[in-house]
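Comments concern the structure below.
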Amino acid sequence: MSNWKINSWRDYPVKHVPDYPDQAELDQVLNKIRTFPPLVFAGETRHLKSQLADVVDGKAFLLQGGDCAESFAEFNPDYIRDTFKLILQMSLVLTYSASLPVVKVGRIAGQFSKPRSSPVEVKDGVELPSYLGDNINGIEFNEKARIPDPKRLFKAYSQAAATLNLIRAFSHGGFADLKKVHTWNLGFIKNTPEAKKFKELEDNIEKALAFMDACGINSDFNRRLKTVNFWTSHEGLHLPYEEAMTRTDSTTGENHDTSAHFVWIGDRTRQLDGGHVEFCRGIENPIGIKCGPTLEPQDLINLCNKINPQNEKGKITLISRFGHDKVSKFLPKLIRAIKKEGLNVIWSCDPCHGNTIKATSGFKTRPFNDVLKEVKNVFECHQSEGSYAGGLHIELTGQNVTECTGGAQKITDEDLSSRYHTHCDPRLNANQALELAFLISDEIKKNSSYSKNAVQAAS
Ligand code: PEP
Ligand code: CO
């Protein structure tokens, strides 16, 4: 990797990284974090990359989801469990109906820093610096809370470590055993059409497991029936923190950002000559790139070549997020450019970030129908361009929130204030997320290239 160093990003312009009033205190915190244990290990990132390589080949599907921003206030084991349950439920829907393995990645255990559309927030004529995420400053609207405080990085690191610890226990300690599928249900989604459909699926799985058990194949003998791989990810926005978490693997000399298995570059920080791209080109982790309406095909090619000069499969995930009515204008030209260059990428769809609106009630929301439309349009586009729509990237929560309008519960503008808890963007609740999973499994079944690959993968 020519001229790359763990800190070479500091020689480039960097957007959306906070200015700390006390630089010496920040350095002290970062030096301490450098000595803390890694959260993930080099072998794990390699394993994830190999699973993602299967997605590139159309043999698996990538499901990535979680909070827009994790917060200190919403840190409790039930919330972690419910997000985990919901992602398991969604992936079961996809695996069962589309016969495709699902690579499960949470926006969790480190998803704190936020790029904001405006550096300031104005309320009742008072202007303050914007909230930037709990690892940087406080959401309370007062001057003191909004000052970036390096000590918050420690707290976020500890929260990420404890969250990941629980996820590892859930993934490998029996909770994810397929025999326990009925315990993955979230109480409040009973009696909805999605819950009924999921119950049918549960019953079918139970029958299949009983049959396999009778044949002597069960989770006592097959680890894969009782454990899952659940990977972590976040936007690699706070470069000083990411740098402090980056370690050189003693066995290979490779550099791994050990803050998460997968990091992505946001739509606002993907400048070819910016610090975020410079940092990401030197780490071995799989990298996501958000692709919004301002991304030109040639810039995308340059980005991929810079971050993945060897064209390694599983290294790059392109996460398109245009808005439901802009997909057909922007996505086909990017798909064609990538195809023409022969670049190995996963095409994932983020149907959330291009569909955020301000409701008349003043809340930021996402009409669920627009989210569904973006997914449908993206699948159609890939179908007609002959490429593989291999992933979904969404903001969701396992809590019964009212943040996005529509869906089976028919959440209205007036309902938003009832349970609006997000620290940043509005998230799909469990009903809406499951509805989306059922829709995607239908789309996958419709797309002939999926069935062809699934058959190949199974054979
Ligand atoms: C996000 O994923 O939380 C985000 C800010 O997305 P984008 O960079 O696509 O706007
Ligand atoms: Co967001």
Side-chain angles (χ1 to χ4, degrees), residues 6 18 25-48 64-85 87-88 104-114 132-138 148-176 227-250 255-264 279 283-286 397-398 423-424:
I6 283 179
E25 191 191 4
L26 175 67
D27 290 343
Q28 219 176 19
V29 167
L30 293 173
N31 284 336
K32 192 83 202 146
I33 288 175
R34 260 181 259 282
T35 68
F36 284 4
L39 295 178
V40 307
F41 305 96
E44 293 178 318
T45 35
R46 278 186 219 114
H47 185 180
L48 169 60
Q64 187 170 18
D67 284 326
C68 177
E70 288 175 276
S71 68
F72 296 158
E74 284 203 331
F75 175 45
N76 80 53
D78 293 353
Y79 282 28
I80 300 166
R81 180 201 59 203
D82 292 346
T83 300
F84 183 79
K85 274 184 178 179
I87 293 179
L88 285 190
K104 295 169 265 301
V105 182
R107 287 176 60 115
I108 201 164
Q111 171 52 23
F112 290 99
S113 305
K114 298 309 300 174
L132 302 172
D134 270 10
N135 64 344
I136 299 172
N137 61 4
D149 176 0
K151 287 190 286 301
R152 286 176 167 270
L153 290 171
F154 277 142
K155 197 166 168 185
Y157 167 89
S158 315
Q159 181 164 324
T163 303
L164 186 51
N165 184 50
L166 193 60
I167 291 174
R168 290 187 192 281
F170 284 149
S171 310
H172 296 281
F175 186 85
T227 64
V228 292
N229 287 311
F230 191 98
W231 312 100
T232 61
S233 71
H234 60 254
E235 179 171 351
L237 186 66
H238 195 297
L239 291 180
Y241 175 77
E242 301 304 332
E243 177 194 318
M245 288 301 293
T246 297
R247 313 288 155 81
T248 307
D249 176 29
S250 54
N255 294 295
H256 291 252
D257 183 346
T258 67
S259 69
H261 299 108
F262 175 116
V263 289
W264 75 85
F279 175 74
I283 55 174
E284 287 300 316
N285 309 55
T397 172
H423 269 55
C424 195

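In what follows, residues are counted from 1 in the order of the sequence shown.
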Fill in: Nearest heavy atoms of Leu39 and Leu164, plus distance in Å
O-CD2, 3.2 Å
Discussion item. What verdict does the side-chain contact (heavy atoms from CB on, under 4.5 Å) test give for Leu237 and Lys114, after you've listed the backbone C-alpha separation in whole Å, the side-chain angles of each residue and the deciding distance to 0.1 Å?
Written reply: CA-CA 7 Å; Leu237 186 66; Lys114 298 309 300 174; 5.5 Å; no
Practice prompt. Provide the closest heavy-atom pair for Glu44 versus Trp231 in the form atom of the first, atom of the second, distance.
Written response: O-CZ3, 3.4 Å
Discussion item. What's the separation between atom CD in Gln64 and atom CZ in Phe262, rounded to the nearest 0.5 Å?
Written reply: 4.5 Å
Worksheet item: Nearest 0.5 Å, what's the CD-CG distance between Gln111 and Asn135?
Response: 9.5 Å
Discussion item. For a quick test of reading the model, state the closest non-hydrogen atom pair linking Gly398 to Thr83 and the distance between them.
Written reply: N-OG1, 4.1 Å
Practice prompt. Show the numbers, then the answer: is there a side-chain contact (heavy atoms from CB on, under 4.5 Å) between Asp78 and Arg81?
Written response: CA-CA 5 Å; Asp78 293 353; Arg81 180 201 59 203; 3.6 Å; yes
Worksheet entry | Donor-acceptor pair between His234 and Glu242 side chains, under 3.5 angstrom | yes
Item to complete: Indicate whether any N or O donor in one side chain lies under 3.5 Å from an N or O acceptor in the other, for Thr45 and Asn285.
Response: no
Discussion item. Under 3.5 Å, is there a donor on one side chain and an acceptor on the other for Asn31 and Arg34?
Written reply: yes
Worksheet item: How far does CZ of Phe72 sit from CZ of Phe112, to the nearest 0.5 angstrom?
Response: 5.5 Å
Worksheet item: Do you know the tightest heavy-atom contact between Ile108 and Thr232?
Response: O-CB, 3.6 Å
Practice prompt. If the plane angle is over 60° it's perpendicular, under 30° parallel, otherwise tilted; pick one for Tyr241 and His238.
Written response: perpendicular
Discussion item. Return the CD to SG distance between Glu235 and Cys68, rounded to the nearest 0.5 Å.
Written reply: 9.0 Å
Practice prompt. Kindly indicate, with the supporting measurements, whether the criterion side-chain contact (heavy atoms from CB on, under 4.5 Å) is fulfilled by Tyr157 and Ser259.
Written response: CA-CA 8 Å; Tyr157 167 89; Ser259 69; over 6 Å; no
Discussion item. Does any part of the side chain of Lys104, heavy atoms only, come nearer than 4.5 Å to the side chain of Leu88, both counted from C-beta?
Written reply: yes
Worksheet entry | Pairwise distance CZ(Phe41) to CG(Asp249) - rounded to 0.5 angstrom | 11.5 Å
Practice prompt. For the pair Phe170 and Phe230, evaluate side-chain contact (heavy atoms from CB on, under 4.5 Å) and give the outcome as yes or no after the intermediate values.
Written response: CA-CA 9 Å; Phe170 284 149; Phe230 191 98; over 6 Å; no
Worksheet entry | Salt-bridge criterion met for Lys151 and Glu25 (N-O under 4.0 Å) | yes
Discussion item. With heavy-atom distances below 4.5 Å as the criterion, would you say the side chains of Leu153 and Leu26 are in contact?
Written reply: yes
Worksheet item: With a 4.5 Å heavy-atom cut-off, do Asp82 and Thr397 have their side chains touching?
Response: no
Worksheet item: Within a strict 4.5 Å, meaning less than it, do heavy atoms of the Pro18 and Asn137 side chains meet?
Response: no
Worksheet item: Closest heavy-atom contact between Ala160 and Ala109?
Response: CB-O, 3.4 Å
Fill in: Distance (rounded to the nearest 0.5 Å) between Phe279 CZ and Asn255 CG
8.5 Å
Worksheet item: Counting only N and O atoms by type, is there a donor-acceptor contact under 3.5 Å from the side chain of Thr258 to the main-chain atoms of Met245?
Response: yes
Fill in: Minimum heavy-atom distance between Ala260 and Ser233, given as atom pair plus value
CB-CA, 4.0 Å
Worksheet item: Got Arg46 and His256 here, is their nearest side-chain heavy-atom distance under 4.5 Å?
Response: yes
Item to complete: Spell out, as yes or no, whether a donor-acceptor pair under 3.5 Å connects the side chain of Glu70 to the backbone of Gly110.
Response: yes
